Amino acid sequence: MALKNLFKSKRNIAYIVLLAVIIIACTWAFISASMITKIFKTKIEEQTFKNKEANIENLLVTETKDGEKLWEMFAETGRYSDNDSIVFLEGIIGNFYEDKKVKASFKADRGTYHSEKKEIILYSNVVLVYNDGTNIMTDRISYLGKGQDIVAQGSVRIEKPKEAIIYGGKAILKGDFSDFHIEGRTQTKFYM
């Protein structure tokens with residue numbers, strides 16, 4: 001009987017409708033706030049694990065494929081940022097391998113290694129020495145991966161022992177370290 005009396009007055013019906021609207025609005029607000037908080041928390045967690053940086057001393061970076069070492073390089077210092085996936089290196093020495101043997105060795109004052117692209121760029125007093133004694137001195141060398149040509153740029157000097165010294169602005173070195181060619185203006189001095 002009390003329930004029937006409650007719905008008889010228009011005023012009571014308005015209060016019930018108002019109460020129902022308030023309950024629905026509060027429920028909707030609570031659910032929305034919960035979803036927004038969850039999204040915000042997820043973004044914060046993602047940001048927490050991104051943009052990490054590390055400064056490292058005595059760093060050794062190696063790339064292997066199918067259990068075979070392709071190259072390795074040691075750097076006195078390095079700085080890594082996962083924001084751009086690049087390691088900035090200083091005081092670098094290293095080796096390129098083929099059939100488990102050193103094919104060439106290198107050194108440079110500075111360089112970078114892009115961990116996603118597997119790209120090495122060496123610059124500042126770069127020296128690359130093949131196992132036959134051929135040596136290349138240049139301002140910059142770019143190595144884009146096994147089988148790819150190596151590009152030497154800027155004041156390139158290539159010495160083939162007891163044969164010649166070649167100067168140029170750019171050299172393309174075969175990825176298997178078997179040959180090279182110079183592009184642009186060159187100067188060659190032959191041993192007699």
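Since we're looking at a predicted model, the values are computed, not measured.
Comment: Lys101 does not engage Glu98 in a salt bridge, judged by the lack of any side-chain N to carboxylate O separation of less than 4.0 angstrom. Note on Glu63 versus Lys65: no salt bridge recorded, every NZ/NE/NH1/NH2 to OD/OE distance being 4.0 Å or above.
Nearest heavy atoms, Asn131 versus Val102: ND2-O, 3.5 Å. The two residues Ile92 and Met73 make their nearest non-hydrogen contact at CG2-SD, 4.0 Å. Between Leu89 and Gly78, the closest heavy-atom pair is CD2-CA, 4.2 Å. Nearest heavy-atom pair, Tyr113 versus Lys118, reported as atom, atom and distance to 0.1 Å: OH-CD, 3.2 Å. The two residues Arg157 and Ile165 make their nearest non-hydrogen contact at NH2-CD1, 3.4 Å. When every heavy atom of Phe88 is checked against every heavy atom of Thr112, the shortest pair comes out as CD2-CG2, 3.7 Å.
Of the possible polar contacts, none joining the Thr134 side chain to the Tyr130 backbone as a donor-acceptor pair under 3.5 Å is found. The backbone N or O of Gly154 lies less than 3.5 Å from a partner atom in the side chain of Thr138, making a donor-acceptor pair. Between the side chain of Thr186 and the backbone N or O of Tyr167, no donor-acceptor pair lies under 3.5 Å.
Linking ILVMFWY side-chain heavy atoms closer than 4.5 Å, directly or via other members, places Val127 and Ile93 in two distinct hydrophobic clusters. The hydrophobic clustering, which links ILVMFWY residues whose side-chain heavy atoms are closer than 4.5 Å, places Tyr97 and Val61 apart. The cluster map of Ile, Leu, Val, Met, Phe, Trp and Tyr, joined by side-chain heavy atoms under 4.5 Å apart, puts Trp71 and Ile121 in different clusters. In terms of hydrophobic clustering, with Ile, Leu, Val, Met, Phe, Trp and Tyr side chains grouped at heavy-atom distances under 4.5 Å, Leu70 and Val87 are assigned to a common cluster. Transitive grouping of hydrophobic side chains (ILVMFWY, heavy atoms separated by less than 4.5 Å) keeps Phe106 and Met137 in distinct clusters.
Relative to the ring axis of Phe96, Lys103 does not place its NZ or CZ within 45° and under 6.0 Å from the centre.
Between the CD1 atom of Ile31 and the OG1 atom of Thr27 there is a distance of 6.5 Å, given to the nearest 0.5 Å.
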Test side-chain contact (heavy atoms from CB on, under 4.5 Å) on Asn135 and Ile158 and set out the steps. CA-CA 6 Å; Asn135 61 76; Ile158 299 175; over 6 Å; no
